[in-house]
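Contents: one structure, followed by commentary.
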Amino acid sequence: MNLPEIEKKWQKKWEDTRLYSFDRNSDKPKKYVLEMFSYPSGAKLHVGHWYNFGLADTYARYQRMKGYNVFHPMGFDAFGLPAENYAIKTGIHPYDSTVANIATMERQLKEMGASFDWDYEVKTCMPDYYKWTQWCFLQLYKNGLAYRASAPVNWCPKCNTVLANEQVVDGLCERCGTPVIRKHLTQWFFRITKYAEELIDGLEGLDWPEKTKLMQKNWIGKSTGSEITFRIEGGGEFSVFTTRADTLNGVTYVVISPEHPLIDSLTTPEQKEAVEAYKEYASKANEIERLSTSREKTGVFTGSYAINPINGRKVPIWAADYVLASYGTGVVMAVPAHDERDFEFAGKYGLPIERVVAGKNEGQNDDLPFTDYEGVLVNSGQFDGLTVTEGKKAITSFLEKTGQAQFKTTYRLRDWLISRQRYWGAPIPIIHCEDCGDVPVPEEDLPVALPYDVDFTPDGTSPLAKHEGFMNCKCPRCGRPARRDPDTMDTFVCSSWYFLRYPDNRDDKMAWDPKIINRMLPVDKYVGGAEHACMHLLYARFFVKAFRDMGYLSFDEPFLSLTHQGTILGPDGEKMSKSKGNVVSPDEYISKYGSDAFRMYLGFGFAYVEGGPWNDGGIRSVAKYLDRVERLVNKIWADDPSVGRTDEDRTVNLVLHRTIKAVDQDLNTFSFNTAIARLMELTNALYKYTDEEYNVSFARSCIRTLLKLLAPFAPHFSEELWEQIGEDYSIFNQDFPTYEEKYLVEDEITYPLQINGRVKDRFSISKDATKEEIEEYVMKNFSDVFSGFDIVKKVIVPGRIVNIVVKPKQ
RNA sequence: GCGGACGUGGCGGAAUGGCAGACGCGCUAGACUUAGGAUCUAGUGUUUUCACGUGCAGGUUCAAGUCCUGUCGUCCGCACCA
């Protein structure tokens, strides 16, 4: 069969007959199957797209044949830096290049033969989409979940933009690799931390990879401890967060982050020069020594002292960059005797080390630091003798009475910084008025349109800030001249709600109709890369929870079940990259073998969640297999059904029904490689069966089943053969085959006979044989094997195995 | 440094604690061919046999690739998280 040719034929027919058109009013149960939509960066689909979309489509087709009303949309995450960088380089406007790339990708996705319903497409860069992204922003703003704050941010000098912490890789800009520096700017944030607790709790009920759940949990980083207030000698106070309140008596100094707002007031005139120099050093620390695993701790004395609330002792306040301003309170109480980092720091700067926890066991009291939790408090006055756990509680409670401490939970998670000083994104719908302050754009004025004629050369200011026509507006509140916010939103904002827009993508009255999406959501199966574990997947969950609380939807989680596809590597086992020259382009394989063979090889050659190196031989083997199926079909339809046998073959039926069962299960778990292996086994069995005189009608019914099982993996090929054997269009309107239990059982079971755990022989016996009957059979028929041995134990597991434990006769 | 995952033939990869290596690639031999990078048939973990084999060393079990402990290696995530 000339696959590339017949694929065109079926793609046209599928489109003409609107086969994949989604029916919102169907009474079948819905199944929302979604792949993470793609960024239209390069013009062409790469192997990774195929691996993700092609096999998720196999899953979607399977669910359709299982009787579900499958919703399988596709769209484009079309805003973002690459288009803008490309424009800076080539002068081609981001809008033009993006629209062109989308057109190419749409065409290629159609050539894949995937079952998307394009009527539900979304493109995030179009006004009819970003209008509602802006609407989302306004709702978050109105509900106190969007706020503006000045904060130390990561600044990429090359991209001239702010990066979220999550987007900095090894101190380098994730996009361009330039070392990131620190800079203070006023930015918009989304208050994702408000949902920290629920974002952890909600993970429990999700059918997600455990690894991904754990990563999100660690990312949110819940930590329970105490907040303790220290007075500053000479006036003022500050709080520290600690998980080890039990060691409070062992505090010999405190450490403040060099970026902390209190640092200047704490610094004495004598220390000013040293502290200023250290602040300067710390702000560059990202750049230097970033990759060193054993970076030496550094710090400087501020000149001030704090009073330890538990014992009134005066301890020095140091500044050191091993304390982060953005975590906890930005100040740490240092207990060098019981903390590795404090110990190292104290050693280096000659600060005192005082032990307050003793080990329970002999020999544990020699070395410091002692960080075990198995210990009792010493040198702690009235708290001596308490365990670590008791000590934490007792000391915090004691200070709580005087308002100097409280139990506290903190999270590692930080609020989501969404401002970008870039052009190619959704404008932030806020107007800055000299008199009224920040004023939200009235909803009826949305969208705040992104102007086309903009100078987006990077020069440190937002491109929109230089566009007077855009910037100048009237304050919606007082009507006086005002200025728009010149920034655009992080593209993760666009992708945090697109799955809500798909089912109602043409709505021009609202972002989504709750009546529709409460029925269509949550997404039943979400498929995409593991690299989104902590960002996109967390942001989308936050959006759903926030909009649920505002009353715009009534479910708690966006994605019930999640699968990550693995990565297809180059033939050399390395990640594909242009610089390594190991990029495999789908196009040449598709024009040679067809998209079905290409997709099916991706399913067969890898464990889906693992991925692995590309192998040319693999795709030939799949093409060969499809040829084999075609020859088999031709042969069976060339033979005369009126001659030959008329009975059904038990062995073939056994293989057939086992195959149905296995393929069904494997498709549910994205275990495409084993499913295809089972199909090959069935094909082999049918070859064998039809080699001699056989029942043609029976063989034909087996083939009809085989084609239906094969259809999700090789849709064009199966549709073509389905037509050739005279069946009605379309195979995808057929029900997925079901197996019958009665064909799965064999009359006899072959048991392995183990002696001392090693297989020595095997025997067959009725499937109904009891444990006693099996034992009797073995003792009778294998008596010679046991002669000369005493039988110690007989392990007989019906349906599985027989193991006889023996020892030589005394 | 912390957290997580993974180590199975020449290769991709299979194995609810129960016959390791399904299925396929590659390879070997044969058949059919003017031809074969087509197709079909047989074989293919190591070892002549006993036997040995899932990174290495122990352990639990009648039975371990699978569970436990330690160790080595590879990969991923996070970077001093108090």
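So that the names make sense, note that chain A is the first sequence line, chain B the second, and so on, each numbered from 1.
No more than 12 heavy atoms of other residues, nucleotides or ligands shown are found within 6.0 angstrom of CD on A:Glu776.
Checking B:rA29 for Watson-Crick or G-U wobble geometry (two distances, each under 3.5 Å) identifies B:rU41 as its partner. Taking a pair to require two hydrogen-bonding distances under 3.5 Å in either a Watson-Crick or a G-U wobble arrangement, B:rA35 remains unpaired. Base pairing analysis places B:rA5 opposite B:rU74; the two distances defining the Watson-Crick or G-U wobble pair are each below 3.5 Å. Applying the Watson-Crick and G-U wobble criteria (two distances, each under 3.5 Å), B:rA64 pairs with nothing in any strand.
The residue among A:Lys211 and A:Ala677 whose nearest nucleotide of RNA chain B is located toward the 5' end is A:Lys211. The residue among A:Thr243 and A:Gly612 whose nearest nucleotide of RNA chain B lies closer to the 5′ end is A:Gly612.
The aromatic rings of A:Tyr593 and A:Tyr589 lie parallel to each other, their planes meeting at an angle below 30°, with 60° marking the opposite boundary.
Look at A:Asn684 and you'll find a side-chain N or O under 4.0 angstrom from OP1 or OP2 of B:rG24. At B:rC40, none of the side-chain N or O atoms of A:Lys688 fall inside 4.0 Å of OP1 or OP2 (strictly under the cut-off).
Residue A:Lys794 is classed as having no contact, given no heavy-atom separation below 4.0 Å to the nucleic acid. Base engagement by A:Gln754 is indicated by at least one non-hydrogen atom pair under 4.0 Å involving a base atom.
No salt bridge links A:Lys767 with A:Glu748; every basic N to acidic carboxylate O contact stays at or beyond 4.0 Å. We find that A:Lys279 and A:Glu259 are not joined by a salt bridge, their nearest charged nitrogen and carboxylate oxygen being 4.0 Å or further apart.
Ranking B:rA82, B:rC62, B:rA22 by closeness to the A:Val323 side chain, first place goes to B:rA82. The side chain of A:Val805 lies closest to B:rC62, out of B:rC62, B:rG18, B:rG13. Looking at the side chain of A:Met680, the nearest of the listed nucleotides B:rA14, B:rG24, B:rC62 is B:rG24. Comparing atom distances between the A:Val797 side chain and each of B:rC40, B:rG18, B:rA22 picks out B:rG18 as nearest. With B:rG18, B:rG3, B:rA82 as the choices, the nucleotide that has an atom nearest any side-chain atom of A:Asn218 turns out to be B:rG3. Comparing B:rC80, B:rG4, B:rG24 by their closest approach to the side chain of A:Phe604 singles out B:rG24. Of the candidate nucleotides B:rG18, B:rA14, B:rU39, B:rG18 has the atom lying nearest to any side-chain atom of A:Ile801.
On a pure distance criterion of 3.5 Å, a polar donor-acceptor pair joins the side chain of A:Asp321 and the base of B:rC80. Under 3.5 Å, the side chain of A:Arg678 and the base of B:rA22 form at least one donor-acceptor pair of N or O atoms.
B:rA20 and B:rG45 are spaced 10 Å apart, taking the C1' atom of each and rounding to whole Å.
For the pair A:Arg599 and A:Trp50, the cation does not sit on the ring face, since its NZ or CZ is not both under 6.0 Å from the ring centre and inside 45° of the axis.
Annotated as syn: B:rG9, whose glycosidic dihedral is within 90° of 0.
Rounded to an integer number of Å, the gap from CG of A:Asp339 to C1' of B:rG1 is 13 Å.
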